[in-house]
Undergrad: 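Please see the structure below; I have some questions.
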Amino acid sequence: MSRNSTPTPSTSALRTPLSPPATPDLSDTKYPPVLPGGSLLVAYQVRNKPVLVVGGGNVAAGRILSLLNADALVHLACPLSGCCPEVIHRLRTSPIVHHNQNFHPTLLDKIQPVIVLTAIDSPEASTEIYKLCHRLRIPVNVADVPPECDFYFGSVHRDGPLQIMVSTNGNGPKLANIVRRQIAGQLPENLGEAIVRVGQLRKRLRKIAQGQEQGARRMEWMSSVCEKWSLEELCQMGETEMGALLEGYKEGKVMSLREIRGESEEDWTSATEQEDTESEDEEERNKDKMVFEEAFDGSFGWFCG
Ligand SMILES: C[C@@]1(CC(=O)O)C2=NC(=C\c3[nH]c(c(CCC(=O)O)c3CC(=O)O)Cc3[nH]c(c(CC(=O)O)c3CCC(=O)O)/C=C3\N/C(=C\2)[C@@H](CCC(=O)O)[C@]3(C)CC(=O)O)/[C@H]1CCC(=O)O
Ligand SMILES: NC(=O)c1ccc[n+]([C@@H]2O[C@H](COP(=O)([O-])OP(=O)(O)OC[C@H]3O[C@@H](n4cnc5c(N)ncnc54)[C@H](O)[C@@H]3O)[C@@H](O)[C@H]2O)c1
């Protein structure tokens with residue numbers, strides 16, 4: 001199919017014998033309900049694929065960073081004179097193909113981008129680029145202009161391989177930023193590192209349990225590890241723990257961190273209790289410190305709080 005043609009689905013494809021009844025049975029709770037009005041959140045693998053960014057201001061700088069973080073082949077269309085310091089820094093330090101000019105339609109033919117992102121201060125030029133991309137069926141995002149976006153950006157938390165994107169679907173971008181920071185604040189420390197470890201464990205498991213016929217068993221065992229170990233424990237999974245865990249795979253066993261470390265239930269409880277007492281002591285000390293800091297006003301004198 002040519003890029004320019006818009007496919008028209010046939011009527012038979014639209015309505016099959018299994019089409020839903022005009023009045024759906026809302027009492028059917030066996031399957032998750034459809035909640036229309038959202039976006040399709042996917043982790044787009046844009047690595048080494050050409051992407052065009054138009055504009056060189058602060059918004060473009062953010063887009064460029066997101067793309068570089070995703071290993072995209074970034075093309076930037078903007079005169080150097082219009083580029084902000086961060087964009088100039090990126091041009092100097094990252095493998096960006098710079099088209100030192102304003103946007104021109106021939107760039108689309110030349111670059112064949114998989115997506116186009118514009119962040120320019122000309123609404124007319126933005127609309128023109130949007131229409132052109134639409135004709136060529138290239139997904140496009142015009143910064144802060146929802147009707148000219150085939151996809152929105154979201155507020156993203158990144159910790160190593162972990163990415164969490166928050167979208168309010170255009171209702172409140174600032175709120176997306178606040179929700180994202182709130183979520184990030186609740187996550188265990190070193191979670192990214194724990195995920196790296198889980199990735200390594202999966203790779204090592206594939207080596208000892210090769211072949212498709214092992215697939216179901218492998219997946220079940222991996223799921224059990226992730227369920228049995230808390231996130232905090234996964235953060236503590238080092239080479240030794242990984243080796244010990246994998247030894248249990250053949251007999252379908254998932255050892256706990258406690259078992260691997262040869263600690264009994266009592267040891268574990270008393271260690272946890274000790275940790276609790278230590279953290280209570282720490283809290284007490286912090287309280288004292290706070291009282292001290294509040295009482296000491298920074299000058300060479302005291303006041304009674
Ligand atoms: C998440 C984030 C990602 C990113 O862009 O990188 C993002 N906007 C961010 C920040 C932000 N944007 C704005 C403010 C000012 C405060 C406020 O209005 O809340 C702040 C806050 C700030 O700057 O701190 C203004 C604004 N934004 C849009 C409009 C137009 C409109 O709504 O009609 C206007 C009004 C312009 C005007 O009034 O003139 C539209 C869009 N902005 C989106 C994404 C998409 C929807 C995402 C969602 O709903 O979740 C969407 C639809 C299209 C798109 O651009 O993709 C990023 C946070 C990054 C981070 O986490 O730090
Ligand atoms: N910066 C923000 O905080 C912010 C906030 C809300 C909305 N926005 C939206 O994002 C747009 C971009 O904002 P910004 O602050 O990043 O940029 P900006 O307004 O500082 O600069 C615009 C950039 O676009 C370039 N440009 C203009 N026409 C061009 C063309 N035809 N081809 C290529 N490059 C072109 C300019 O050279 C310049 O680099 C704004 O116009 C606005 O719609 C930005």
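Whatever order the structure lists them in is the order used to number ligands and atoms, beginning at 1. Worth saying up front: this structure is predicted, and the values here are computed from it rather than measured.
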Undergrad: Specify the protein heavy atom at minimum distance from atom 2 (C) of ligand 2: its residue, its atom name, and the distance to 0.1 Å.
TA: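 The closest one turns out to be V59 CG2, 3.7 Å.
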Undergrad: Just wondering, more than 12 heavy atoms not from K228 lying within 6.0 Å of its NZ?
TA: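 Yes - once you tally the heavy atoms of other residues, nucleotides and ligands closer than 6.0 Å, there are more than 12.
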Undergrad: If we count only non-hydrogen protein atoms and require a distance under 4.0 Å, does atom 24 (O) of ligand 1 qualify as touching the protein?
TA: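 Yes, there is a protein heavy atom closer to it than 4.0 Å.
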Undergrad: Of E263, E241, M237, which is the lone residue that meets side-chain contact (heavy atoms from CB on, under 4.5 Å) with L257?
TA: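 With L257 as partner, E263, E241, M237 yield a single side-chain contact (heavy atoms from CB on, under 4.5 Å), made by E241.
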Undergrad: Looking only at non-hydrogen atoms, which of I129, V145, D144, D121 approaches atom 5 (C) of ligand 2 most closely?
TA: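 Checking each option, the heavy atom nearest atom 5 (C) of ligand 2 is found in D144.
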Undergrad: Which of the numbered atoms in ligand 2 are under 4.0 angstrom from any heavy atom belonging to V54?
TA: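 In order of numbering, the contacting atoms are 32 (N), 33 (C).
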Undergrad: What residue and heavy atom of the protein are closest to atom 53 (C) of ligand 1, and at what distance?
TA: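 Scanning the protein heavy atoms, the shortest distance from atom 53 (C) of ligand 1 goes to Y152 CD2, 3.8 Å.
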Undergrad: Could you tell me the residue and atom name of the protein heavy atom closest to atom 15 (O) of ligand 2, and the distance to it rounded to 0.1 Å?
TA: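 For atom 15 (O) of ligand 2, the nearest protein heavy atom is N58 N, 4.1 Å.
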Undergrad: Among all protein heavy atoms in this structure, tell me which lies nearest to atom 35 (C) of ligand 2, with the distance rounded to 0.1 Å.
TA: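 So the nearest neighbour among protein heavy atoms is I120 CG2, 3.4 Å.
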Undergrad: Backbone or side chain, does any N or O of Q101 fall under 3.5 Å from an N or O of ligand 2?
TA: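 It does not: no N or O of Q101 is found under 3.5 Å from an N or O of ligand 2.
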Undergrad: Taking the six-membered ring for Trp, are H75 and H99 parallel (under 30°), tilted (30 to 60°) or perpendicular (over 60°)?
TA: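 Aromatic pair H75/H99 classed parallel.
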Undergrad: Just need the protein heavy atom nearest to atom 30 (C) of ligand 1, so name the residue and atom and give the distance.
TA: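 Checked against all protein heavy atoms, atom 30 (C) of ligand 1 sits closest to D144 O, 3.2 Å.
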Undergrad: Of the side chain and backbone of N169, name the one, both, or neither that has a heavy atom under 4.0 Å from an atom of ligand 1.
TA: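 Contact part for N169 vs ligand 1: backbone (N, CA, C, O).
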Undergrad: Do me a favour and list the nearest non-hydrogen protein atom to atom 30 (C) of ligand 2 with residue, atom name and distance?
TA: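 Its nearest protein heavy-atom neighbour is N102 OD1, 3.3 Å.
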Undergrad: What atoms in ligand 1 come closer than 4.0 Å to a heavy atom of T168?
TA: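 Result: 48 (C), 49 (O), 50 (O).
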Undergrad: What protein heavy atom sits nearest atom 18 (O) of ligand 1, and how far off is it?
TA: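 For this ligand atom, the closest protein heavy atom is P173 CD, 4.4 Å.
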Undergrad: Looking at Y249, is its backbone amide N or carbonyl O close enough to the side chain of R217 to form a donor-acceptor pair, meaning the two atoms are under 3.5 Å apart?
TA: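 Such a contact is found between R217 side chain and Y249 backbone.
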Undergrad: Under the 4.0 Å line, does any protein heavy atom show up next to atom 15 (C) of ligand 1?
TA: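 It does not: no protein heavy atom is found less than 4.0 Å away from atom 15 (C) of ligand 1.
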Undergrad: Is a side-chain donor-acceptor pair under 3.5 Å present for S39 with N169?
TA: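 Side chains of N169 and S39: pair found under 3.5 Å.
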Undergrad: Nearest non-hydrogen contact with atom 19 (O) of ligand 1 belongs to which option: H157, R181, K174, E148?
TA: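 When every heavy atom of H157, R181, K174, E148 is considered, K174 comes closest to atom 19 (O) of ligand 1.
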Undergrad: So, the side chain of N141 versus the backbone of L117: is there a donor-acceptor pair under 3.5 Å, distance only?
TA: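 Not a single qualifying donor-acceptor pair exists.
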Undergrad: Looking at W229 and C235, would you say the former's side chain and the latter's main chain have a donor-acceptor pair under 3.5 Å?
TA: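 Judged by distance alone, no pair lies under 3.5 Å.
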Undergrad: Counting distance only, does the side-chain N/O of W221 pair as donor-acceptor with the main-chain N or O of K253 below 3.5 Å?
TA: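 Looks like yes, one N/O pair under 3.5 Å.
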Undergrad: Is R158 reaching over with its side chain to a backbone N or O of G160, donor-acceptor style, under 3.5 angstrom?
TA: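 Yes: the side chain of R158 pairs with the backbone of G160.
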Undergrad: Go through ligand 1 atom by atom and flag the ones less than 4.0 Å from a non-hydrogen atom of S167.
TA: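 Atoms satisfying the 4.0 Å criterion: 50 (O).
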Undergrad: Treat each ILVMFWY residue as a node, draw an edge where side-chain heavy atoms are under 4.5 Å apart, and state whether L41 and L162 are in one component.
TA: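 They do not share one cluster, since no chain of ILVMFWY contacts under 4.5 Å joins L41 to L162.
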Undergrad: Report yes if C83 has an N/O atom closer than 3.5 Å to an N/O atom of ligand 2; otherwise report no.
TA: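 C83 vs ligand 2: no N/O contact under 3.5 Å.
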Undergrad: Could you check whether any heavy atom of G170 sits closer than 4.0 Å to an atom of ligand 1, since that is the contact criterion I want to use?
TA: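 Yes, G170 has heavy atoms under 4.0 Å from ligand 1.
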Undergrad: Determine whether a donor-acceptor pair (N or O, by modelled atom type, separation under 3.5 Å) exists between the side chain of R204 and the backbone of L246.
TA: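 Judged by distance alone, no pair lies under 3.5 Å.
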Undergrad: Are I164 and I195 joined in one hydrophobic group, where the rule is that I, L, V, M, F, W and Y side chains link up if heavy atoms are under 4.5 Å apart?
TA: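 Yes: a chain of side-chain contacts under 4.5 Å links I164 to I195.
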Undergrad: Considering only heavy atoms, does N171 approach ligand 1 within less than 4.0 Å through its side chain, its backbone, both, or neither?
TA: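 Answer for N171: backbone.
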Undergrad: Nearest protein heavy atom to atom 35 (C) of ligand 1: under 4.0 Å?
TA: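 So far as the 4.0 Å threshold goes, atom 35 (C) of ligand 1 is out of reach of every protein heavy atom.
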Undergrad: Check whether more than 12 heavy atoms from other residues, nucleotides or ligands sit under 6.0 Å from atom CD of E213, and answer yes or no.
TA: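 Correct, the count exceeds 12.
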Undergrad: Within the structure, does at least one protein heavy atom fall under 4.0 Å of atom 42 (C) of ligand 2?
TA: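 Under 4.0 Å from atom 42 (C) of ligand 2, zero protein heavy atoms found.
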Undergrad: State the atoms of ligand 1, each with its element, that fall below the 4.0 Å cut-off from a heavy-atom position in N141.
TA: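 Contacts of ligand 1 toward N141, numbered from 1: 54 (C), 56 (O).
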Undergrad: From atom 39 (O) of ligand 1, is the closest protein heavy-atom distance below 4.0 Å?
TA: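 Looking at atom 39 (O) of ligand 1, one finds that no protein heavy atom lies closer than 4.0 Å.
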Undergrad: For atom 33 (C) of ligand 2, which candidate among G56, A77, A60, G57 holds the nearest heavy atom?
TA: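 Heavy atom nearest to atom 33 (C) of ligand 2 belongs to A77.
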Undergrad: Report the nearest protein non-hydrogen atom to atom 62 (O) of ligand 1: residue, atom name, distance rounded to 0.1 Å.
TA: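 Of the protein heavy atoms, N177 ND2, 2.8 Å lies nearest.
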Undergrad: Would atom 39 (O) of ligand 2 count as contacted, meaning some protein heavy atom under 4.0 Å?
TA: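 Yes.
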Undergrad: Look at atom 44 (C) of ligand 1 and say which protein heavy atom is nearest, naming residue and atom and giving the distance to 0.1 Å.
TA: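 Nearest neighbour among protein heavy atoms for atom 44 (C) of ligand 1, to 0.1 Å: F153 O, 3.5 Å.
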Undergrad: Contact between ligand 2 and A119 is defined here as a heavy atom of the residue under 4.0 Å from a ligand atom; is it met?
TA: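 The answer is yes, since A119 has a heavy atom less than 4.0 Å from ligand 2.
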Undergrad: With clusters defined by side-chain heavy atoms of hydrophobic residues (ILVMFWY) lying less than 4.5 Å apart, directly or transitively, does V156 cluster with V166?
TA: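 As far as the 4.5 Å side-chain criterion goes, V156 and V166 are not connected within one cluster.
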Undergrad: Under a 4.5 Å side-chain heavy-atom rule over Ile, Leu, Val, Met, Phe, Trp and Tyr, are L73 and V46 clustered together?
TA: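 They do not share one cluster, since no chain of ILVMFWY contacts under 4.5 Å joins L73 to V46.
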Undergrad: Look at atom 47 (C) of ligand 1 and say whether a protein heavy atom is found at less than 4.0 angstrom from it.
TA: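 When distances to the protein are checked, atom 47 (C) of ligand 1 has a heavy atom within 4.0 Å.
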Undergrad: Show which atoms of ligand 1 fall inside a sub-4.0 Å distance from at least one heavy-atom site of P146.
TA: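 With P146 as reference, the close atoms of ligand 1 come out as 30 (C), 31 (C), 33 (O), 52 (C).
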Undergrad: Measure from atom 3 (C) of ligand 1 to every heavy atom in S66, G154, A176 and give the option owning the shortest one.
TA: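 Looking at heavy atoms only, the winner is G154.
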Undergrad: Is a side-chain donor or acceptor of E259 paired with a backbone partner of S256 at a separation under 3.5 angstrom?
TA: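 Judged by distance alone, yes, a pair lies under 3.5 Å.
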Undergrad: Working note: T127 + E148, criterion side-chain contact (heavy atoms from CB on, under 4.5 Å); need CA distance, chi angles, decisive distance, verdict.
TA: CA-CA 7 Å; T127 303; E148 298 186 346; 2.9 Å; yes
Undergrad: Other residues, nucleotides and ligands only: do more than 12 of their heavy atoms fall within 6.0 Å of CD on Q200?
TA: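 Correct, the count exceeds 12.
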Undergrad: Shared ILVMFWY cluster between V51 and I96, side chains joined below 4.5 angstrom?
TA: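 In one cluster with V51: I96, yes.
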Undergrad: Tell me: protein heavy atom nearest atom 32 (N) of ligand 2, and distance?
TA: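 Answer, as residue, atom name and distance: F103 N, 2.9 Å.
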Undergrad: For atom 61 (O) of ligand 1, grab the closest protein heavy atom and report residue, atom and distance to one decimal in Å.
TA: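 Ranking protein heavy atoms by distance from atom 61 (O) of ligand 1, first comes S155 OG, 2.4 Å.
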Undergrad: Is the shortest N/O to N/O distance between A125 and ligand 2 below 3.5 Å?
TA: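 The answer is no, given that A125 and ligand 2 share no N or O pair closer than 3.5 Å.
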Undergrad: Among protein heavy atoms, which sits nearest to atom 4 (C) of ligand 1, and what does the distance come to when rounded to 0.1 Å?
TA: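 Nearest protein contact, heavy atoms only, for atom 4 (C) of ligand 1 is R63 NH1, 3.2 Å.
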Undergrad: For E128, does the CD atom sit with more than 12 other heavy atoms under 6.0 Å from it, leaving out its own atoms?
TA: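 Atom CD in E128 is not packed in, count stays at 12 or less.
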Undergrad: Report, in ascending order of atom number, the atoms of ligand 1 lying under 4.0 Å from any heavy atom of R180.
TA: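 Under 4.0 Å from R180, ligand 1 has these atoms: 60 (C), 61 (O), 62 (O).
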